[in-house]
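Along the sequence shown, residues carry numbers from 1.
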Amino acid sequence: MRDFPSCFGEHGVQVTDSSSTSSRMTQNLVTCMYRTKLGDHSRIITVTWCKNLMGQGLSVNVDDQSCQCICKVDMKPWLFSKKKGFKSFEVGSSKIEVFWDLSSAKYGSSPEPLEGYFLAVVSDSEMALLLGDMGKEAYKKARAKPPSGETILLSKKEHVFGKRLYNTKARFCDNGQTHDITIECQTVGLREPSLSVHIDKKMVMQVKHLMWKFRGNQTILVDGLPVEVFWDVHNWLFNPNVGNAVFMFQTCHSAEKSWSKLSSCSSILPWPTTQSLKERESQGLGFSLLLYAWKSE
């Protein structure tokens, strides 16, 4: 399996309250990619929340139509005095501003805040992306007008930790509800290891004979949409001290699915790039959730 990606990309707005150089095994990441409107153009905004033994951080990247990052600002840990602020950029004839307030943020096991925060990206005084439950405060701080287009969550990548159960939450369509997702996998001390997936505490998928089916995919239905579930637990079964398992949930908006590119023989499920997102959308593929599952000691 690939190593943990860096807590922060080379480019982007970065907010940290301590060093991000701790061990990969103690680093926790959530990365979300959104499609939104900046000025007259459709853009991809990538938000990464990071937590490790030394602290937490935030990275925001804005890509242009050629898939290149157009925002670059570094905030070094020793310059970080308050968990709120803003940065602005001139991109062509547009002005992009990023506002954040994490001073009252509350967290669970994930580095992504649960409540008490906002993160806002504003383009020419128009709200392009708003995250968090402090929308009123965000609009007041940014002095922004409501967006003229919709913001769509395209994909989410997350690191989850557990001994037998691995939990997360996801919404598979824009207007759908947020679902509790539990992956249950017992690989130690059993004659026949097995894998099961539960949505809102209901088992929707079970894989038996996992020693022979350590990689594969299966279709489930969520909110009436087909969702293809991919899994790779090879490391857990044959290299338990080496690394993690990988799971991906990929929605499809059409009845006819094309999984040929996703279900290749590669042991590493692909994290979409800006360019590949365009290709997936043209194939009728929707939201994707990629999970790196790590066994806790």
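- Looking at heavy atoms from C-beta onward, Thr46 lies out of side-chain contact with Val60 at the 4.5 angstrom threshold.
- Considering all non-hydrogen atoms of both residues, Cys173 and Asp223 come closest at SG-OD2, 4.0 Å.
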Residue pair Ile181, Phe172: steps toward the side chain to side chain contact (heavy atoms under 4.5 Å, CB included) verdict: CA-CA 11 Å; Ile181 301 172; Phe172 291 94; 3.6 Å; yes
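- Distance OG/Ser288 to NZ/Lys157: 10.5 Å, rounded to 0.5 Å.
- Both Val160 and Ile183 are members of a single hydrophobic cluster when ILVMFWY side chains are connected at heavy-atom separations under 4.5 Å.
- Within 6.0 Å of CG on Asn239 lie more than 12 heavy atoms contributed by other residues, nucleotides or ligands.
- Within the model, atoms NZ of Lys145 and CG of Asp124 stand 8.0 Å from one another, a figure rounded to the nearest 0.5 Å.
- In summary, the side chains of Asn244 and His159 do not present any donor paired with an acceptor at a separation below 3.5 Å, with no hydrogens or angles considered.
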Test side chain to side chain contact (heavy atoms under 4.5 Å, CB included) applied to Ser88 and Ile96, step by step: CA-CA 6 Å; Ser88 62; Ile96 298 177; over 6 Å; no
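- Note on Glu184 versus Arg164: salt bridge recorded, some NZ/NE/NH1/NH2 to OD/OE distance being below 4.0 Å.
- Within the 4.5 Å cutoff, no side-chain heavy atoms of Phe89 are placed close to those of Val62.
- Residues Arg35 and Ser42 bring a donor and an acceptor atom of their side chains to less than 3.5 Å of each other.
- Using a 4.5 Å cut-off on side-chain heavy atoms (C-beta onward), Leu153 and Cys32 make contact.
- The only option from Met205, Lys202, Met203 that meets the side-chain contact (heavy atoms from CB on, under 4.5 Å) definition with Val197 turns out to be Met205.
- Under a 4.0 Å N-O distance rule, the pair Asp180/Lys169 qualifies as a salt bridge.
- With hydrogens and angles ignored, the 3.5 Å screen pairs a side-chain donor or acceptor of Thr151 with a backbone N or O of Ala128.
- In this model, no donor atom of one side chain and acceptor atom of the other lie less than 3.5 Å apart for Thr48 and Ser59.
- Side-chain atoms of Glu126 and Ser148 include a donor-acceptor pair closer than 3.5 Å.
- Both Leu119 and Ile45 belong to a single network of hydrophobic side chains, linked directly or stepwise wherever heavy atoms of I, L, V, M, F, W or Y lie under 4.5 Å apart.
- Looking at Asn217, its side chain never comes within 3.5 Å of a backbone N or O of Val229 through a donor-acceptor pair.
- Taking all atoms of both residues into account, the shortest heavy-atom contact from Met127 to Pro147 is O-CB, 2.9 Å.
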Stepwise side chain to side chain contact (heavy atoms under 4.5 Å, CB included) test for Lys141 and Trp100: CA-CA 9 Å; Lys141 183 67 176 180; Trp100 65 89; over 6 Å; no
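- A distance of 10.0 Å separates CG of Asn167 from NE2 of His198, quoted to the nearest 0.5 Å.
- Of all the heavy atoms in Gln250 and Gly286, the pair that sits closest is NE2-O, 2.9 Å.
- Of the inter-residue distances, the one linking Ile44 atom CD1 with Tyr34 atom OH reads 12.0 Å to the nearest 0.5 angstrom.
- In this structure, Glu115 and Tyr107 have side chains that are not in contact, with every pair of non-hydrogen atoms separated by 4.5 Å or more.
- A donor-acceptor contact under 3.5 angstrom links the side chains of Glu228 and Thr219, judged on distance only.
- Residues Met248 and Tyr292 share a hydrophobic cluster, clusters being chains of Ile/Leu/Val/Met/Phe/Trp/Tyr side chains in contact below 4.5 Å.
- Between the side chain of Lys84 and the backbone N or O of Phe99, no donor-acceptor pair lies under 3.5 Å.
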Worked verdict on Tyr166 versus Trp236 for ring-ring contact (aromatic ring centres under 6.0 Å, His included): CA-CA 14 Å; Tyr166 304 85; Trp236 281 356; 5.1 Å; yes
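- Under the 4.5 Å side-chain heavy-atom criterion for ILVMFWY residues, no single connected hydrophobic cluster contains both Leu102 and Phe86.
- Looking at heavy atoms from C-beta onward, Leu290 lies out of side-chain contact with Lys156 at the 4.5 angstrom threshold.
- Taking both residues in full, the closest heavy atoms of Ala170 and Leu289 are given as CB-CD2, 3.9 Å, listed atom of the first, atom of the second, then distance.
- A donor-acceptor pair under 3.5 Å is formed between the side chain of Thr251 and the backbone N or O of Phe287.
- The closest side-chain heavy-atom distance from Val233 to Arg215 is not below 4.5 Å.
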Side chain to side chain contact (heavy atoms under 4.5 Å, CB included) between Leu210 and Trp231, worked out: CA-CA 11 Å; Leu210 200 59; Trp231 68 88; 4.2 Å; yes
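- Two residues are said to be in side-chain contact when any heavy atoms from C-beta on lie closer than 4.5 Å; Phe230 and Phe247 fail this criterion.
- A distance of 12.0 Å separates NZ in Lys37 from CZ in Arg43, rounded to the nearest 0.5 Å.
- Contact annotation: the side chain of Val246 never approaches that of Leu291 to less than 4.5 Å [non-hydrogen atoms, C-beta and beyond].
- Under a hydrophobic clustering in which Ile, Leu, Val, Met, Phe, Trp and Tyr are joined whenever their side-chain heavy atoms come within less than 4.5 Å, directly or via other members, Met134 and Leu131 fall into different clusters.
- Ala105 and Tyr117 make their closest contact through CB-CB, 3.9 Å (heavy atoms, listed as atom of the first residue, atom of the second, distance).
- At distances below 3.5 Å, not a single donor-acceptor pair connects side-chain atoms of Trp49 with backbone N or O atoms of Asn28.
- Once rounded to the nearest 0.5 Å, the distance linking CG of Leu29 with SG of Cys50 reads 5.0 Å.
- Pairing each heavy atom of Tyr139 with each of Ala144, the nearest pair is CD2-O, 3.2 Å.
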